[in-house]
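Whatever order the structure lists ligands and atoms in, that order sets their numbers, starting from 1. The analysis underlying the following values was restricted to heavy atoms, covering all of them including side chains, and did not include hydrogens, waters or symmetry mates.
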Amino acid sequence: MKHKTLKISYSVSESNSDLSEPDQFLMKEALKSAQNAYAPYSGFSVGAAIKLSSGKIVTGNNQENAAYPSGLCAERVALFSASALYPNDSVETIAITIKTKHKIIEPVAPCGACRQVIAEYENRQNKKIRIIFSGETGKSYMVEGIQNLLPITFNARNMNNR
Ligand code: THU
């Protein structure tokens with residue numbers, strides 16, 4: 001058996017004000033969206049803002065439910081919405097941030113299921129998606145492509161009928 005190692009890479013900005021103007025703008029849109037989250041059960045409001053290749057911005061926030069698993073994360077609300085509204089546009093960047101009572105300083109990364117959905121759209125558009133995420137203050141992380149968050153991904157190529 002051979003042992004192999006994978007490297008992932010990510011960029012760190014000390015604060016959102018160190019990001020480029022367009023990325024700062026997207027982060028602000030994500031924060032605005034987080035403020036409209038429906039998160040009465042967790043009190044953890046998440047916002048995502050997507051920049052499409054056309055320049056259009058699509059946002060989403062987490063939508064919870066008394067039947068907990070029926071809720072959905074902000075990233076998937078935004079991605080599904082972008083795909084439903086603009087199926088021929090591609091996703092350039094998704095920015096993710098949060099709003100809670102706790103002033104969380106650690107960057108909050110997308111959950112596993114959202115990573116899988118980002119991988120699906122990357123595969124569909126055959127172009128990497130930039131992912132930027134932060135806590136409420138402090139550092140933000142940026143990755144160029146889902147391989148940095150979800151290496152050895154399951155995708156359509158793993159299905160022998162694709
Ligand atoms: N949540 C997101 O919206 N995105 C993530 O990537 C992680 C978790 C939401 C789901 C739930 O409404 C709340 O945060 C607490 O898990």
### Summary
Sorted by chain and residue number, the residues with a non-hydrogen atom under 4.0 Å of ligand 1 are S42, F44, V46, N62, E64, C73, A74, E75, A109, P110, C111
What side-chain donor-acceptor pairs closer than 3.5 Å can you find for residues 41-58, not counting sequence neighbours?
unit_1 : atom_1 : unit_2 : atom_2 : d
S42    : OG     : F44    : N      : 3.0
S42    : OG     : E64    : OE2    : 2.5
S53    : OG     : S90    : O      : 3.3
S53    : OG     : S90    : OG     : 2.6
S53    : OG     : K127   : NZ     : 3.2
S54    : OG     : K56    : N      : 3.3
S54    : OG     : D89    : OD2    : 2.4

### Task
Answer yes or no: does atom CG of N158 have more than 12 heavy-atom neighbours from other residues, nucleotides or ligands under 6.0 Å?
yes
### Query
Partners of S20 by side chain to side chain contact (heavy atoms under 4.5 Å, CB included), sequence neighbours excluded?
P22, D23
Per-pair distances, 0.1 Å, donor-acceptor, side chain in residues 103-114, under 3.5 Å, sequence neighbours excluded:
none

### Any donor-acceptor N or O pair under 3.5 Å, side chains S17, Q24
no
### Query
For N61 and Q63, does a side-chain donor sit closer than 3.5 Å to a side-chain acceptor?
yes
